[in-house]
Structure formats: structure tokens, C-alpha cells
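Notes to accompany the following structure.
Throughout, protein chains are lettered first and strands after them, A, B, ... in sequence-line order, and every chain is numbered starting at 1. Everything numeric in this text was worked out from a predicted model, so none of it was measured.
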There are 2 protein chains.
Amino acid sequence: MSVRSLCLAILTFGDATGYEIRKESTEGRFSYFDDASYGSIYPALARLEADGKVTVREEQQHGKPARKVYSITEAGRDEFLASLCEPQAPDTFKSPFLLIAMYASDLGPDVIRRALDRRKQQILAELGKMQEFGYDDPRTGERWINEYGIACMKLTLAYLEEHGDDLINIAKGADKAAPVAAE
Amino acid sequence: MSVRSLCLAILTFGDATGYEIRKESTEGRFSYFDDASYGSIYPALARLEADGKVTVREEQQHGKPARKVYSITEAGRDEFLASLCEPQAPDTFKSPFLLIAMYASDLGPDVIRRALDRRKQQILAELGKMQEFGYDDPRTGERWINEYGIACMKLTLAYLEEHGDDLINIAKGADKAAPVAAE
DNA sequence: GGACACATGTAATCGGTTACATGATTAC
DNA sequence: GTAATCATGTAACCGATTACATGTGTCC
């Protein structure tokens, strides 16, 4: 998902400034899809305006620089919805944790224990964030994906809780120089 | 995970050519971590050799260009294992499917049904690939992550099977209530 | 006769991040 | 006083992809 699409996606939920879009993409609901930095958002917004996909209005403020509030246009909405209809890229899961786990026997139990704990805490943190969001608007797809996310997180957490020790044992076994402890 | 690390990771499992590394990263066990193209693998391998992290030997072949078979060195193994020990980046899940689901009420039931089916098929395909891999070497961390992956895929598939209709209903409901944007 | 697997590599390009530049306001 | 939040934007850089360039053997 490009920054361009990300901006359009966020703007379908209401007007926003570049600053707010970035926040939403790194901390808010859209952090499940992509992160983006100012260095990519501001140029993307400028191009979107030149293309007629968004409009801007400036709101003067005392002291602070003027806010540039962007609104999506009909053409912008069309572009975005159309992009959702064309063949979707496959979902991907990138897991530094799994990579570490793969080399458990080379890394030893301490590293593995730490990696496992970190992963669990990450899941807990994400779970907390998801459960905070409230949904009072009619776009209930938003609620559905939230519930989906929560369910998945809970299931993986349970799996980790149940099978984490097995992984630690793999790391331990190799630590003792006995290549394989029969299974 | 950079292409450099990816190359080292794959080479810890045995010697390989650039061609094979690419295949492993797009189709094999390592496809869960990262993809990489020739345009990034070959330069990475050249740098790795210049840095003394791998060695090369050329194997002449009849007709085909000579294979350049790379082997990881002790220094290479050290660099890789050390990189696994330093603070891990959080796991991320990028889901074009979830994005489509989020806008269910704007897209209508047909698009959603299609997206749902595609996602299920993707999971099925990945599941099949995972179940094919056999593990006879002592590095049992590999088996652990395989079982983890299979468990997660099965759980999410079950969730989609159970709650997919809810999402279609959301898309349907909106279809009746408010007309969809131009299509 | 055509598509595909094998096999290596470079050049142009692109999409993005990081660091830089600026500056007021508010909370600790 | 100092850190964080609000607020915009640019320039340098980087990592990677895409397309290009080349060529044989094999299967259908």
C-alpha cells in the first residue's frame, strides 16, 4: 500500500492534516496497514492536490504555522475504491521473532526466552490498543476487522503461552552440545 | 530484514548460488520473512564476499553459465547470529484483505465475497506449502516455527470460515441502505 | 516453435526514510 | 529549563524493484 493510497484511505474517514495522517498511520487504526513518515506524506498530499484528488484549506493559527486541512474529492474517493477492487496483493506476515526462533539451537535459551517475552508483550500492547477503539459510525467493516484482529492476537498469544517452553527446550538441548534430544 | 541478512540466513543452512537464494526467498522456507530479487541479491553477495563474510567457488557447466556457489564463513556466521541478538523489530502483518474489509459497506457484497475467497485460498496454499516441508536435521527450531505457522494459518482460516458471512452481511446491508459510489 | 527453468549481472528508476530547518505552546 | 506536542516542508541518501542484456537445455 503506497503512501498515496494511505492518505486517501484516511481521508475517506474525514478531513485531516498531514500531521494527523501521519499519527493515524503510526499509532491509530491504520497502523495495521502501513507506517509513513512526513517525508513521504507531505509530497504525496501535494501531488494528490495537483491531481484533483483532494482539496486544501488553510486554517490560520496563533503562533503555530497554519494547518493545511485536506478533504478528499469525489475523484479521490473513486480512485481509492477502484484500487481496492483490483486484484489484491497477498497478505504478508513479517516476523523477526520467527527468524530468531528458527535459529534457537544456535542462540541458546536466554536469547530465546527474551525474544519470546518481547513478542508476548508486543501482542499484549497491540491487543490493548485495539480494545481501546470505539465504533459508533455506520462503517461497521471497521468493527469487524477490529474483532478479527483481537481474535487473531489472542489465539497467537495462547499458542505462544502453550508452546513457548518447547522452543526454550530446543535452545537448551543444543546448548548442552547434544545435537538432538530425541522427540 | 535486509537482503544481506537474508543471504547469510540462507547460507547457514548450506552452500547456495544467487539463483537458489532467490528461489528460497520467494518460494521456500524463507518466504515467510522476506522476498528478494536478483537485482538486490547479486550485489549483496558481491559485497558479502568483499567483506569476507562468504567465499565463492565457480563450478563450470556445459552450456549454462558457470554457477557461483557461495559458502558462509565463520565471520559471516558471527555477524548473522549477532544481528539476531540485538533488539528485534516488532512483527508486522500487512493485510490488503483487511483494508478491503474495512470498507465493506462502500464496496458491496460481491467485492467482499471475492476478497474473502481469495484470502482463504491464499491461506490454503500457504498451509499446503508448509505441510510439505520435511525436517530431518537437528535444527529443530525450524520445525517449531513450521508448526507455529500451520497452527496460526488454521486458526485464522477457521475464523474466516465462521465470521466471513458477517462481513458479507455488512456489505449487503449498506448496499440496501445507501447506494454505493459510482461503479 | 514456444514457453519455461537454469544462470549471471547491470542500469535506470522509484518509493521511501533520515536528518535537517524552523518555531510557538504547554506541561512537568 | 527541558521535553513533548503541534505543524510544515526539503534534501540527501538508501535499499530495493524493474527492465534490460545474454544464452543453453529441456519439455510440450
Side-chain angles (χ1 to χ4, degrees), chain A residues 1-11 15-28 30-31 33-51 54-71 83 89-90 92 94 96, chain B residues 1-11 15-28 30-31 33-51 54-71 83 89-90 92 94 96:
Chain A
M1 193 198 195
S2 64
V3 174
R4 184 186 174 91
S5 299
L6 182 70
C7 290
L8 289 177
I10 292 173
L11 288 173
D15 297 354
T17 66
Y19 188 88
E20 287 163 350
I21 287 174
R22 192 220 155 222
K23 227 185 148 187
E24 197 72 5
S25 83
T26 53
E27 295 163 41
F30 286 85
S31 54
F33 307 116
D34 218 341
D35 282 7
S37 60
Y38 297 128
S40 54
I41 288 172
Y42 286 120
L45 247 15
R47 260 217 68 187
L48 241 16
E49 204 219 326
D51 293 351
V54 300
T55 56
V56 213
R57 64 170 186 281
E58 255 178 77
E59 283 179 8
Q60 293 303 324
Q61 297 184 122
H62 44 296
K64 297 175 195 169
R67 306 172 78 220
K68 290 178 118 180
V69 183
Y70 291 88
S71 308
S83 79
T92 55
K94 276 203 185 188
Chain B
M1 194 196 196
S2 63
V3 174
R4 183 187 175 93
S5 299
L6 183 69
C7 289
L8 289 175
I10 291 173
L11 288 172
D15 297 355
T17 65
Y19 188 87
E20 288 163 350
I21 287 173
R22 193 222 154 220
K23 228 186 148 187
E24 196 72 5
S25 83
T26 51
E27 295 164 41
F30 286 85
S31 53
F33 306 118
D34 219 341
D35 284 6
S37 59
Y38 296 129
S40 54
I41 289 171
Y42 287 120
L45 247 17
R47 260 217 69 187
L48 243 15
E49 203 219 329
D51 293 350
V54 301
T55 57
V56 212
R57 64 170 188 282
E58 253 177 79
E59 282 178 7
Q60 293 302 327
Q61 297 185 123
H62 43 294
K64 298 174 197 171
R67 306 173 78 222
K68 291 178 114 177
V69 182
Y70 291 88
S71 307
S83 78
T92 55
K94 276 204 189 186

For a quick test of reading the model: is some side-chain N or O of [X] closer than 4.0 Å to OP1 or OP2 of [N]?
{"X": "Ser37(A)", "N": "dT17(C)", "result": "yes"}
{"X": "Ser40(A)", "N": "dG15(C)", "result": "no"}
{"X": "Tyr42(B)", "N": "dT8(C)", "result": "yes"}
{"X": "Thr17(B)", "N": "dT8(C)", "result": "yes"}
{"X": "Lys23(A)", "N": "dT5(D)", "result": "no"}
{"X": "Gln61(A)", "N": "dC6(D)", "result": "no"}

[X] has a side chain; which of [options] sits nearest to it?
{"X": "Tyr38(B)", "options": "dG9(D), dT8(C), dA7(D)", "value": "dT8(C)"}
{"X": "Pro65(A)", "options": "dA7(C), dT17(C), dG23(C)", "value": "dG23(C)"}
{"X": "Val3(B)", "options": "dA16(D), dT8(C), dC6(D)", "value": "dA16(D)"}
{"X": "Pro43(B)", "options": "dT5(D), dT10(C), dG9(D)", "value": "dT10(C)"}

Expressed in angstrom and rounded to an integer, what is the separation of [X] atom [atom1] from [N] atom [atom2]?
{"X": "Glu20(B)", "N": "dG9(C)", "atom1": "CD", "atom2": "C1'", "result": "17 Å"}
{"X": "Arg67(A)", "N": "dT5(D)", "atom1": "CZ", "atom2": "P", "result": "17 Å"}
{"X": "Arg47(A)", "N": "dT10(D)", "atom1": "CZ", "atom2": "P", "result": "15 Å"}
{"X": "Glu27(A)", "N": "dT5(D)", "atom1": "CD", "atom2": "C1'", "result": "11 Å"}
{"X": "Leu48(A)", "N": "dG15(C)", "atom1": "CG", "atom2": "P", "result": "14 Å"}
{"X": "Tyr19(A)", "N": "dT22(C)", "atom1": "OH", "atom2": "C1'", "result": "15 Å"}
{"X": "Gln60(B)", "N": "dT24(D)", "atom1": "CD", "atom2": "C1'", "result": "14 Å"}
{"X": "Ile41(A)", "N": "dG9(D)", "atom1": "CD1", "atom2": "C1'", "result": "12 Å"}

Quiz item: Does Glu49(B) reach the main-chain N or O of Ala46(B) with its side chain, forming a donor-acceptor pair under 3.5 Å?
Solution: no
Quiz item: Under 4.0 angstrom, heavy atoms only, what part of the nucleic acid is Ala46(B) near: base, sugar-phosphate, or nothing?
Solution: nothing
Quiz prompt | Sugar-phosphate only, base, or nothing, as touched by Gly39(A) at under 4.0 Å among non-hydrogen atoms | solution = base
Self-check item: Within-4.5 Å side-chain heavy-atom neighbours: Leu45(A) and Lys68(A)
Solution: no
Quiz item: Do you know which two heavy atoms are closest between Thr26(B) and Asp35(B), and how far apart they sit?
Solution: CA-OD1, 4.0 Å
Quiz item: How far apart are the closest heavy atoms of Pro96(B) and Lys94(B), and which atoms are they?
Solution: CD-O, 3.5 Å
Practice problem: Could you walk me through whether Val3(A) and Asp34(A) pass side-chain contact (heavy atoms from CB on, under 4.5 Å), step by step? | Solution: CA-CA 8 Å; Val3(A) 174; Asp34(A) 218 341; 5.9 Å; no
